[in-house]
Amino acid sequence: MASHLGGEVVAAGNYDDIINDSLSLTGKYLSGDFKIEPPKSVRKWNRSLKIEGARQHNLKDITAEFPLNVLCVVSGVSGSGKTTLVKQILYPALKKIKGEIADKIGFHKAITGDVDSIAQIEMVDQNPIGKSSRSNPVTYIKAYDDIRDLFAKQPLSKMRGFQPKHFSFNVDGGRCDTCKGEGEQIVEMQFLADVHLTCEVCGGKKFKEEVLEVKYKEKSIYDILELSVDEAIEFFKEEKNIVKAIQPLSDVGLGYVKLGQSSDTLSGGEAQRVKLASFLGKGKNADKILFIFDEPTTGLHFHDIKKLLASFNALIEQGHSIIVVEHNTDVIRCADWVIELGPEAGDGGGTIVYAGTPAGLKKVKESRTAVFL
Ligand SMILES: Nc1ncnc2c1ncn2[C@@H]1O[C@H](COP(=O)(O)OP(=O)(O)OP(=O)(O)O)[C@@H](O)[C@H]1O
Ligand SMILES: [Mg+2]
Ligand SMILES: [Zn+2]
């Protein structure tokens with residue numbers, strides 16, 4: 001369980017205790033009850049991107065082919081050259097081709113292949129999605145606009161002349177003037193961490209009293225922000241556009257997060273999935289994106305890795321492509337295609353040990369990953 005459903009210590013003890021505790025998700029994974037099931041078959045592909053003649057750092061003049069519209073994992077021991085190949089060559093080189101501002105590009109001869117079949121390239125990390133406590137998952141994925149419109153349409157809003165902007169915490173008008181819609185006041189303490197105090201004017205409700213009096217199905221805008229994503233999907237079921245806008249947050253496994261939870265309090269893995277939800281929300285007809293991840297499972301529990309993999313699949317179903325640099329064997333097993341660099345680190349690495357489906361990797365003697373699959 002996570003967030004407001006979590007926080008209890010569900011199991012403490014030795015391996016057997018954890019396995020036997022039916023509430024512990026870790027136990028379910030250790031005992032094999034919950035497994036990350038690799039897909040029964042791998043996706044086929046016909047489009048790809050190629051980096052030719054990569055020579056940055058330890059890379060030994062290699063040519064790497066990355067299939068598109070699938071989950072492609074780049075594996076290999078630490079120091080084998082994964083980040084150099086993907087983040088220092090492929091990412092900036094493609095950005096430059098697309099006319100975007102790019103960082104320094106690592107040495108290579110050319111990028112070839114179906115460059116035109118992707119419109120955009122995105123690197124997704126676990127960095128926070130916002131520093132202000134005013135930003136939150138619904139504002140990030142732009143679902144809040146429809147909610148504000150709905151509140152502005154209520155009879156009391158009309159009588160009082162409230163517009164959608166009165167239900168925004170980003171501009172003056174409806175938000176609490178004292179805390180500027182943050183719901184709290186931050187007291188800076190010299191030498192100590194800042195102290196967060198609930199705003200005494202609005203009592204943490206972020207809006208002025210006359211705005212909070214506007215209700216939709218008995219709930220104020222503050223009550224709405226207190227709903228979890230899944231509760232909101234149920235609550236707004238007559239408002240199809242709102243449900244459609246919020247649904248991606250549930251699809252990436254964030255159904256338990258409150259709509260109004262400040263972005264700065266989301267965990268790294270949660271922030272990463274909010275970002276993916278914002279892309280999922282654009283739907284099947286959106287521009288095709290190549291997503292790049294460098295070790296996205298760092299710090300994640302098996303259960304969260306499962307959600308991340310489900311989010312990857314949802315993006316691929318919409319026609320996007322995913323390249324993941326990863327050591328995690330569950331992710332490697334779920335890949336459609338694996339490129340392993342190595343065999344060793346530094347000068348002993350920098351070559352392609354294997355490129356193919358995960359099943360084939362098991363048979364490669366030089367692979368340091370194969371034994372763990
Ligand atoms: N800026 C740099 N200058 C010189 N050598 C570097 C630089 N960055 C990386 N290297 C070297 O290049 C090799 C490949 O590094 P890289 O970061 O690509 O490995 P990696 O496979 O991503 O490893 P990890 O799994 O630890 O992230 C390593 O030997 C590393 O020490
Ligand atoms: Mg790396
Ligand atoms: Zn206030």
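Values below: every heavy atom of this structure, side chains too, minus hydrogens, waters and symmetry copies. Order of appearance sets the numbers: ligands from 1, and atoms from 1 within every ligand.
If you check which protein heavy atom lies closest to atom 29 (O) of ligand 1, you get Gly346 CA, 3.1 Å. Looking from atom 4 (C) of ligand 1 to the surrounding protein, the closest heavy atom is His57 CD2, 3.8 Å.
Taking distance alone, with nitrogen or oxygen atoms compared against 3.5 Å, Ser78 approaches ligand 1 more closely than that limit. Checked by distance only, ligand 1 and Gly76 stay at 3.5 Å or farther apart across all their nitrogen or oxygen atoms. Annotation: Ala345 places no N or O atom under 3.5 Å from an N or O atom of ligand 1; distance criterion only.
Taking every non-hydrogen atom of Thr84 and a distance limit under 4.0 Å, the qualifying atoms of ligand 1 come out as 14 (C), 15 (O), 16 (P), 18 (O). Atoms of ligand 1 found under 4.0 Å from any heavy atom of His327, numbered from 1 in the order shown, are 25 (O). For ligand 1, the atoms lying closer than 4.0 Å to a non-hydrogen atom of Asn58 are 12 (O), 13 (C), 14 (C). The ligand atoms of ligand 1 that sit less than 4.0 angstrom from a heavy atom of Val77 are 21 (O). Below 4.0 Å from some heavy atom of Thr83 lie the following atoms of ligand 1, by number and element: 17 (O), 18 (O), 20 (P), 22 (O), 27 (O). Below 4.0 Å from some heavy atom of Ser80 lie the following atoms of ligand 1, by number and element: 19 (O), 21 (O).
No salt bridge links Asp103 with Lys95; every basic N to acidic carboxylate O contact stays at or beyond 4.0 Å. Electrostatic pairing of Glu210 and Arg160 does not count as a salt bridge here, judged by no charged N lying under 4.0 Å from a carboxylate O. Using a cutoff of 4.0 Å between basic side-chain nitrogens and carboxylate oxygens, Asp223 and Lys215 are not scored as salt-bridged. Remark: Arg333 engages Asp330 in a salt bridge, criterion side-chain N to carboxylate O under 4.0 Å.
Heavy-atom distances between Lys87 and ligand 1 stay at or above 4.0 Å for every pair. Gln88 does not count as a contact of ligand 1, since none of its heavy atoms falls under 4.0 Å from the ligand. Under a 4.0 Å heavy-atom criterion, Leu59 is not in contact with ligand 1.
Within a 4.0 Å radius of atom 31 (O) of ligand 1, the protein has no heavy atom. Distance check for atom 9 (C) of ligand 1: a protein heavy atom is found below 4.0 Å.
Aromatic ring centres of Phe162 and Phe151: separated by at least 6.0 Å.
For the Mg ion (ligand 2), the set of nearby N, O or S atoms under 2.8 Å includes none belonging to Ser78.
Cation-pi geometry between Lys217 and Phe235 is met: under 6.0 angstrom from the ring centre, within 45 degrees of the axis. The cationic atom of Arg175 (NZ for Lys, CZ for Arg) does not lie both less than 6.0 Å from the six-membered ring centre of Phe207 and within 45° of the ring axis.
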